[in-house]
Amino acid sequence: VSLLDVCSRRGVPASIEERQAVPHGAVSEHAYRSSATRSDRRMVIYTPPGYGTSSTKRYGVLVLIHGSGGTERSWTEIGSSAHIVDNLIGAGKIEPLLLVMPDAGIDAPFEGHGPEQILAQDLTSDIIPKVRNEFLVNENFRPAIAGYSVGGRYALQIGLQQPDVWGTIAGFCPTIRQKDTERVLALAREQERLGSRVWIAAGAEERTVEILRSLVNGLNDTGAMADFRVSGVRHTWRSARQQLADFLVEVFARPAKATN
């Protein structure tokens, strides 16, 4: 059964990307000054149901990068990220977590650097420190980074450039060409030990399925922990929503209760 159909209404499967009768988290916009671009920028943050009601509860973090032409609102308005997390938490499938969704639209080259390099600096110098300072973050949990389409390629490149920062690196329908795989593999080989898990998914009818499968095999040959999933159909937000749900259930799964 597809994770897009984990809830039902009167016996009819209901999509996990829809607003369901479960407790809902909050979505808020935040402004910050970026030292990477020397400009004012914005990000959207999702906090789960019950956030802030416990003095001891701390949360894992997932950074979501949008695709080409998107904004910081794309993952909530098109990607249904808040509904998906609400519903998976409500179904008892995942632990509550924070979503951090920045504006990845950066005019590049900027002082000789590509957009993914500037975004990487923005994340580590400004976004992640702000989130750690202002939100209830589990300091023992390295944040995960994922993205859709071009954002998926950015997430892979950024994560492999900074493996000490990110616990899990994921690409949902990442826009990867053959020359991009060589760059990604080179980044992985530069690391003495890649401590991050890599998770890549493609739609069944995407032209890049075999390129991505080969990339995952190459990453595993470097000693990385890489997984490949075929999830969804085409290179669309619907596939990305399915892949986000699959990813969350694998990476942020709620521990099974011990039985006597």
Side-chain angles (χ1 to χ4, degrees), residues 1-31 42-66 70-102 127-128 130-148 167-168 170 172 199 231-232 237-259:
V1 177
S2 168
L3 276 174
L4 289 178
D5 298 320
V6 298
C7 304
S8 63
R9 292 172 299 187
R10 298 180 181 178
V12 179
S15 173
I16 197 175
E17 62 196 61
E18 298 175 356
R19 184 180 176 90
Q20 301 292 337
V22 297
H24 301 294
V27 174
S28 55
E29 292 193 19
H30 300 263
R42 301 189 67 81
M43 60 180 163
V44 169
I45 294 181
Y46 162 90
T47 53
Y51 177 84
T53 59
S54 167
S55 61
T56 58
K57 177 69 174 176
R58 297 295 183 268
Y59 300 86
V61 175
L62 170 60
V63 173
L64 287 173
I65 309 299
H66 60 74
T71 72
E72 69 274 12
R73 298 180 180 182
S74 294
W75 265 108
T76 51
E77 294 182 351
I78 308 173
S80 302
S81 57
H83 293 334
I84 290 170
V85 175
D86 282 345
N87 293 334
L88 288 174
I89 292 171
K93 292 183 176 291
I94 65 171
E95 286 290 317
L97 72 150
L98 306 178
L99 300 181
V100 177
M101 295 158 280
I127 293 174
I128 296 300
K130 180 178 176 68
V131 171
R132 288 191 185 278
N133 287 335
E134 298 181 11
F135 291 84
L136 302 174
V137 173
N138 184 346
E139 296 295 339
N140 297 319
F141 186 95
R142 285 187 295 162
I145 185 170
Y148 164 60
T168 305
F172 307 147
W199 196 97
S231 178
W237 270 105
R238 178 167 177 80
S239 292
R241 293 190 289 266
Q242 171 72 68
Q243 292 163 17
L244 172 62
D246 294 342
F247 171 79
L248 288 167
V249 169
E250 288 194 37
V251 176
F252 290 89
R254 183 183 293 276
K257 292 183 179 180
T259 55

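Predicted model only: the values in this text are computed from it and were never measured.
Using a 4.5 Å heavy-atom threshold, the side chains of Thr168 and Phe247 count as touching. Under the 4.5 Å side-chain criterion, counting only non-hydrogen atoms from C-beta, Pro49 is in contact with Ile89. Counting heavy atoms from C-beta outward, Gln242 and Leu244 have side chains that stay 4.5 Å or more apart. Counting only heavy atoms from C-beta outward, the side chains of Val63 and Val131 never approach each other to under 4.5 Å.
Annotation: the span from Gln243 atom CD to Trp199 atom CH2 amounts to 6.0 Å, rounded to 0.5 Å. Separating the NZ atom in Lys57 from the CG atom in Leu136 is a distance of 10.5 Å, to the nearest 0.5 Å. With values rounded to the nearest 0.5 angstrom, Arg73 atom CZ is found 14.5 Å from Met43 atom CE.
Panel note: side chain Asn87, backbone Ile16; a donor-acceptor pair is recorded below 3.5 Å. Remark: the backbone N or O of Arg19 is not paired with any side-chain donor or acceptor of Asp86 at under 3.5 angstrom.
Aromatic rings from Tyr59 and Tyr46 are positioned such that their centres are separated by 6.0 Å or more.
Salt bridge Glu250/Lys93: absent, no basic N to carboxylate O contact under 4.0 Å. Using a 4.0 Å cut-off between charged nitrogen and carboxylate oxygen, Glu139 and Arg132 count as a salt-bridge pair.
Here His30 pairs with Phe135 under the ring-ring contact (aromatic ring centres under 6.0 Å, His included) rule; sequence neighbours left out. Remark: Glu72 engages no residue in a salt bridge (Lys or Arg N to Asp or Glu O under 4.0 Å) (not counting sequence neighbours).
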> Between Leu99 and Ile45, is a side chain to side chain contact (heavy atoms under 4.5 Å, CB included) present by the stated rule, with each step listed?
Replying inline: CA-CA 6 Å; Leu99 300 181; Ile45 294 181; over 6 Å; no
> Given Tyr148 and Ser74, is the side chain to side chain contact (heavy atoms under 4.5 Å, CB included) satisfied, shown in steps?
Replying inline: CA-CA 10 Å; Tyr148 164 60; Ser74 294; over 6 Å; no
>> Between Leu97 and Leu248, does the side chain to side chain contact (heavy atoms under 4.5 Å, CB included) criterion hold? Intermediate values first, please.
In response: CA-CA 10 Å; Leu97 72 150; Leu248 288 167; 4.1 Å; yes
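Across every non-hydrogen atom of Ser15 and Gln20, the tightest pair is O-NE2, 3.1 Å. The heavy-atom pair separating Leu98 from Tyr51 by the smallest distance is CD2-CE1, 3.9 Å. Nearest approach of Leu64 to Ser81, heavy atoms of both residues: CD1-CB, 4.0 Å. Of all heavy-atom pairs spanning Trp75 and Gly147, the tightest one is CZ2-C, 4.5 Å. The two residues Ile84 and Glu17 make their nearest non-hydrogen contact at CG1-CA, 4.0 Å. Minimum interatomic distance between Asp246 and Ser231 (heavy atoms only, all atoms of both residues): OD2-OG, 2.6 Å.
Around the CZ atom of Arg42, the shell of radius 6.0 Å holds more than 12 heavy atoms that belong to other residues, nucleotides or ligands.
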